[in-house]
Amino acid sequence: MKKIKCYIWGLFASVSLFSSCDADFVEINKSPDTVYEVEPAVFLYQAENAMYTSGEAWADSYACKLRWMQYCTGIWGYSTTNFTDCAGFGNTLYSNYNTVGKYATHIPYYIDENMPDQKEAYSDLIQAARVLLIAKGIQTSDTYGSLVYSEGWGVRNGNEENLEPAFQTQEELCAIWDEELKTAAATLGTSTGQNSMSKYDVAYAGDAKKWAKAANAIRLRLALRLLNRNPEKALSMASEILNSNNIFQGIDDSFILYFDNYWTTQGDWHSVVDMDRASVSFMTYLKTYNDPRKRLFFRINNLTPENVAEFNSLSTTTDATRIPTDLSRWEGGTVSYDGQASDVCRTSRYLGDIDMRPMNIPQTRLWKGAQDNGSAGGWVPIVTYADFCFMAAEFTLEGVNNIKSAQEWYEEGVRSSIKQWSEIAQYCQIQIENEKDMVVSDEEIETYMAQEGIAWNSAMAKEQIYCQSYVEHYKNNNESWAMYKRTGFPSTESTLITWEPIYVAGVLQKVPRRNKFSTPVEGSENYENQMKRFEEMEKDPNFGALDNEYGRVWWDY
């Protein structure tokens, strides 16, 4: 068989987008698409490529979760009615799930059809792709609840007869995913004679042993989703994972996808810079504790004493635009729409071509490596080592005995988070006044960790873990959204990070907890299965009405 073997950093960069989540599976189950004879590991890269695209970044992160989670405040693109009802929320996420699925499930079928005698030599590849699919499935189910999974992707996996796949409940999915991740963690890296996937794997360059650790990390994330709904099962899963040998040991194990100049081919023509600036609640926390990640997350503003004095002396400066002299070089703006008109930090000001708005701009190259003539690549965090440490710390507090105490996991997580973000800043070549400040010294880390509120305090340990998880998930903010739904942190009542209440026309706003749904049209494709899906989810009184975005999916208990 003639195979195409190449480094494919730009190959197959585009992904298919579909108009509705249910039509996606009908279309995929009917149409196999044209698939040329290639090295099977190409499909792993295809799946990795679809884990997070610019469309998802725009609709779910920039427009919704950065604002819902009060990391940032919006400056452009959406009116007051869109704080909760974000246009396009979840659409690209679901399409990306379908795309990951069609490539991940195609791999074993493709091998069976084209090289059946080599199936065992591709077992690591098959399992790695499955881990990716489950990671994306968890994220998608957070928004949509029940999903097509076992019967999905039709002719892509040889299931040609099933053109109308059934949906599985979140409870069923959690059970299936738990077993599949357990199998992946136990088998990845244990077989000899494996065909290499190193050229196509942007997470671990083909290191199957690290993929085994990633499978356990995703399984621990799944366990956290179950902690409120089925605590006995969650604690049992966590105990198995944390007492195994296949767990993350340091930041080199972090499950992160690294792409070469990724967003340049993904259509992210604005990037986060046009949508968001630092929020007052997040920046207040970062300033209060002089968090070293502050300068890695945001660019310092231009409010030097000299610039402020010059701007305020201009004949065109009015009382409304005058910059208060007590503003610092690190400021956030209100997220509440009712307060934005009077927020001096939001006022647009320019000194010639110097932007004098106080709110700090996100480090845009963290989101789009090519922004502002940058040459860095893109990166997609799935589960970092710090993330794993904070999950482990929480489970240890819940009574799971393992190799570390909750305090040790917490402290390891904080140190690792700062070190990881420092490495990412260097990888992305963020824009910073002094290039050496991209590197955070050990001394700076220890000074940070010695402060009251950051240093381990058993009386507020859970909030400390939640706080550091929240900071760590600045870019992977689906996880901070999931944590908020599970724990209620942050909130207007929390102490380390205190949210502001959000008002629109005098009405206090709530953070959505899932996607809105509408009743399918009778006679539409897969109509019966769609109706069964909604009927099953509506049995849970917490689910609410179909079009109620404040209703809860099954695990959000």
Side-chain angles (χ1 to χ4, degrees), residues 52 54 57-58 61-62 65-66 69 71-73 75 202 251-252 254 256-264 266 268-279 282-283 285-287 289-304 328-333 354-355 357-382 384-387 414-442 444-445 448 468 470-477 480:
Y52 187 68
S54 62
W58 179 274
S61 187
Y62 305 166
K65 291 169 189 166
L66 279 176
M69 295 295 100
Y71 292 109
C72 294
T73 180
I75 59 170
V202 299
I251 61 176
D252 289 342
S254 291
I256 298 174
L257 309 179
Y258 290 95
F259 293 93
D260 180 22
N261 228 8
Y262 186 51
W263 296 122
T264 57
Q266 290 291 321
D268 187 8
W269 51 281
H270 275 304
S271 189
V272 68
V273 65
D274 288 325
M275 294 285 281
D276 300 284
R277 297 284 176 103
S279 76
F282 193 35
M283 187 54 70
Y285 163 78
L286 295 173
K287 286 197 300 182
Y289 296 99
N290 195 23
D291 194 312
R293 290 164 291 193
K294 175 174 83 264
R295 64 182 185 264
L296 309 180
F297 290 167
F298 296 97
R299 280 193 249 168
I300 195 168
N301 66 32
N302 293 313
L303 269 61
T304 63
S328 74
R329 301 199 68 187
W330 300 101
E331 298 292 343
I354 300 174
D355 185 349
R357 182 154 31 192
M359 296 185 301
N360 295 94
I361 299 172
Q363 288 285 4
T364 56
R365 290 178 185 171
L366 293 177
W367 305 85
K368 179 182 178 183
Q371 185 74 23
D372 297 315
N373 300 312
S375 58
W379 67 292
V380 178
I382 309 299
T384 63
Y385 176 53
D387 179 7
V414 178
R415 291 186 178 94
S416 298
S417 175
I418 297 171
K419 289 177 181 177
Q420 185 95 69
W421 277 103
S422 178
E423 287 197 2
I424 290 294
Q426 295 167 70
Y427 170 75
C428 293
Q429 287 296 293
I430 62 170
Q431 293 168 290
I432 198 163
E433 284 191 326
N434 189 337
E435 191 170 311
K436 72 177 184 179
D437 286 338
M438 282 190 275
V439 179
V440 182
S441 69
D442 290 342
E444 190 176 0
I445 294 174
Y448 169 75
Q468 290 298 327
Y470 172 83
V471 176
E472 171 66 10
H473 290 315
Y474 172 53
K475 183 167 184 181
N476 192 13
N477 43 60
S480 49

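Note: hydrogens, waters and symmetry copies are ignored here, and every other heavy atom, side chains too, is used. This is a predicted model, so every value here is computed, not measured.
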Novice: Kindly check if the number of other-residue, nucleotide or ligand heavy atoms within 6.0 Å of CD (Glu435) is above 12?
Specialist: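 No, CD of Glu435 has 12 or fewer neighbouring heavy atoms, counting only those of other groups under 6.0 Å.
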
Novice: Can you tell if the side chain of Leu66 reaches within under 4.5 Å of the side chain of Met275, non-hydrogen atoms only?
Specialist: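 Sidechains of Met275 and Leu66: no contact.
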
Novice: Does some side-chain heavy atom of Leu366 sit less than 4.5 Å from a side-chain heavy atom of Ile430?
Specialist: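 Yes, at least one pair of side-chain atoms sits under 4.5 Å.
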
Novice: Please name the pair of heavy atoms, one in Gln420 and one in Tyr258, separated by the smallest distance, quoted to 0.1 Å.
Specialist: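 Heavy atoms only, the tightest pair is NE2-OH, 4.2 Å.
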
Novice: Please give me the minimum heavy-atom distance between Val273 and Ile75, naming the atom from each residue.
Specialist: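 Closest approach of Val273 to Ile75: O-CD1, 3.8 Å.
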
Novice: Would you say the side chain of Tyr62 lies within less than 4.5 Å of the side chain of Cys72, judging by non-hydrogen atoms?
Specialist: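 In short, these two side chains do not touch, never coming nearer than 4.5 Å.
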
Novice: Just say parallel, tilted or perpendicular for the rings of Phe282 and Tyr470, cut-offs at 30° and 60°.
Specialist: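 Perpendicular, since the angle between the ring planes exceeds 60°.
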
Novice: Would you say Leu286 and Phe298 make side-chain contact, with heavy atoms under 4.5 Å?
Specialist: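 When only atoms from C-beta onward are counted, Phe298 and Leu286 do touch, with a gap below 4.5 Å.
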
Novice: Once side chain to side chain contact (heavy atoms under 4.5 Å, CB included) is applied, do any residues pair with Asp372, and if so which ones, sequence neighbours excluded?
Specialist: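 In terms of side chain to side chain contact (heavy atoms under 4.5 Å, CB included), with neighbours along the sequence ignored, Asp372 is linked to Arg299, Thr364, Arg365, Gln431.
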
Novice: State, with a plain yes or no, whether a side-chain heavy atom of Met438 is found less than 4.5 Å away from one of Ser422.
Specialist: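 SC-SC contact between Met438 and Ser422 ruled out.
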
Novice: Could Arg295 and Glu433 be called an ion pair, given the rule that one side-chain N must be under 4.0 Å from one carboxylate O?
Specialist: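 Not counted as a salt bridge, because no side-chain N and carboxylate O are separated by less than 4.0 Å.
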
Novice: Closest approach of Leu296 and Ala425, non-hydrogen atoms and distance?
Specialist: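 Smallest heavy-atom distance, with atoms named: CD2-CB, 3.8 Å.
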
Novice: How far apart are the closest heavy atoms of Thr73 and Ala278, and which atoms are they?
Specialist: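 So the minimum-distance heavy-atom pair works out to CG2-O, 3.6 Å.
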
Novice: Does the side chain of Met359 come within less than 4.5 Å of Asn301's, by heavy atoms?
Specialist: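 No, side chains not in contact.
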
Novice: Less than 6.0 Å separating the ring centroids of Phe297 and Tyr71?
Specialist: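 Centroid separation for Phe297 and Tyr71: 6.0 Å or greater.
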
Novice: Is there a side-chain contact between Asp252 and Tyr385, using heavy atoms and a 4.5 Å cut-off?
Specialist: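 No, every pair of side-chain atoms sits at 4.5 Å or beyond.
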
Novice: For Tyr448, which residues count as a ring-ring contact (aromatic ring centres under 6.0 Å, His included) partner, sequence neighbours excluded?
Specialist: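 Partners of Tyr448 under the ring-ring contact (aromatic ring centres under 6.0 Å, His included) test: none.
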
Novice: How about Trp367 and Tyr474: are their ring centroids closer than 6.0 Å?
Specialist: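 Yes; Tyr474 has its ring centre under 6.0 Å from that of Trp367.
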
Novice: Output all residues satisfying salt bridge (charged side-chain N to carboxylate O under 4.0 Å, His left out) with Arg277, sequence neighbours left out; order by chain, then residue number.
Specialist: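 Expected list: Asp355.
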
Novice: If I compare all heavy atoms of Asp276 with all of Pro362, which pair ends up nearest, and what's the gap?
Specialist: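 The pair with the smallest heavy-atom distance is O-CD, 3.2 Å.
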
Novice: With a 4.5 Å limit on heavy-atom distance, are the side chains of Glu472 and Gln468 in contact?
Specialist: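 No - every pair of side-chain heavy atoms lies 4.5 Å or more apart.
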
